Amino acid sequence: MKTLAVISRKGGAGKTTLSINLALASHLAGWRTMLADIDPQRSASDSLRARTAPGPTLAEINAGKLFQTRAHAEHDAYDVMLIDTPAAPDSDVAVAANHADLCLLVCRPTFLDIASVARSAEMIRRLGKTGLIVLSQAPPKRGGLEPVGVQKAIEALRFCGLPVAPVGLRARAIYQQSVAHGRSVGEWDPTNPAGQEIARLWTHVAALLALDGQGRDVRAV
Ligand SMILES: Nc1ncnc2c1ncn2[C@@H]1O[C@H](COP(=O)(O)OP(=O)(O)O)[C@@H](O)[C@H]1O
Ligand SMILES: [Mg+2]
């Protein structure tokens, strides 16, 4: 089983939105997927409970239960576990990172988010973990051009010493609409470019996790 921790010390960065969409991408690709919600706000749980179609298994737990939950998931032959984390306390974030094969650091293209990601990157290095920065809520390209603020953010993030994912999540209303129904952006509107963002990001993440080939029970999206 491969474990992904979705992390950012900033509230509202987009952790839950990313967790839900990647958990659904994994599920819809046919991987047996569990989403562990260790945030007491329970936003990921609220979203998945609104889902009417089959989906990832939800584990509403606290950080202290992560070890046991992961062991059970491994025993029950899950392929992928995603952990949606709270912004604080640091100790809970560190527990999630410690369990992860890959930590996704969610970052909006703003000065304060970048400063916060630099500190999270330092923690991940200290723990000897693998990290990937995922830009979130970036303004969409205009006329094919990356907005200057996004370009600058990507340059600044180079100094964190962790790679930046080749595709991030743009600021799009569809992320807010689909999460309210426990649906992925691709399920909600297959014509919206957000679906492509998530599909490309999932392909990149799955390759880093060495989840090769197709899931075992491929379902139609
Ligand atoms: N890519 C995006 N585009 C538009 N709105 C977004 C996006 N990502 C998150 N949001 C919105 O921002 C708010 C915070 O997102 P959320 O995923 O709950 O962040 P976190 O879990 O880090 O606190 C929510 O209202 C969510 O719908
Ligand atoms: Mg959240």
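Order of appearance sets the numbers: ligands from 1, and atoms from 1 within every ligand. Only heavy atoms go into these numbers, but all of them, side chains included; no hydrogens, no water, no symmetry mates. Worth saying up front: this structure is predicted, and the values here are computed from it rather than measured.
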Sub-3.5 Å N/O-N/O distance, Gly14 and ligand 1: yes
N, O or S of Ser43 under 2.8 Å from the Mg ion (ligand 2): no
Ligand 1 versus Arg172: contacting region, heavy-atom distance under 4.0 Å: backbone
Ligand-residue contact atoms, ligand 1 with Arg170, heavy atoms, under 4.0 Å: 1 (N), 2 (C), 3 (N)
Exercise check, heavy-atom protein proximity under 4.0 Å to atom 25 (O) of ligand 1: no
Gly11 N/O to ligand 1 N/O under 3.5 Å: no
Any Ala13 heavy atom less than 4.0 Å from ligand 1: yes
Expected output: side-chain Arg183 to main-chain Ala53 donor-acceptor under 3.5 Å: no
Over 12 foreign heavy atoms within 6.0 Å of CZ, Arg200: no
Gln41 to ligand 1, any heavy atom closer than 4.0 Å: no
Per-atom contact, atom 2 (C) of ligand 1, protein heavy atoms, under 4.0 angstrom: yes
Closest protein heavy atom to atom 18 (O) of ligand 1, given as residue, atom name and distance to 0.1 Å: Thr16 CB, 4.0 Å
Taking atom 23 (O) of ligand 1 as the reference point, the nearest protein heavy atom with its distance: Gly12 N, 2.7 Å
Side chains of Ser26 and Thr33, donor plus acceptor under 3.5 Å: yes
Donor-acceptor contact below 3.5 Å, side chain Arg49 vs main chain Leu58: no
Ligand 1 contact by Ser8, heavy-atom criterion under 4.0 angstrom: no
Exam field: side chain Asp39 to backbone Gln41, donor-acceptor pair closer than 3.5 Å: yes
Atom indices of ligand 1, in the order listed, that fall short of 4.0 Å to a heavy atom of Gln137: 1 (N), 2 (C), 6 (C), 7 (C), 8 (N), 9 (C), 10 (N), 12 (O)
Under 3.5 Å: N/O of Gln176 near N/O of ligand 1: yes
Residue pair Arg51 / Glu187, side-chain heavy-atom distance below 4.5 Å: yes
Donor + acceptor pair across side chains of Arg9, Ser116 (<3.5 Å): no
Which of the ligand 1 atoms, numbered from 1, are nearer than 4.0 Å to a heavy atom of Thr17: 8 (N), 9 (C), 15 (O), 16 (P), 17 (O), 26 (C)
Numbering as shown, the atoms of ligand 1 that approach Ala171 to under 4.0 Å (heavy-atom distance): 3 (N)
Any N/O pair Lys15/ligand 1 closer than 3.5 Å: yes
Donor-acceptor contact present, side-chain Asn21 to main-chain Ser184, <3.5 Å: no
Ring geometry between His181 and Trp188 (parallel below 30°, tilted from 30 to 60°, perpendicular above 60°): parallel
CD (Gln196) with more than 12 external heavy atoms under 6.0 Å: no
Heavy-atom donor-acceptor pair, Asp37 side chain to Glu60 backbone, under 3.5 Å: no
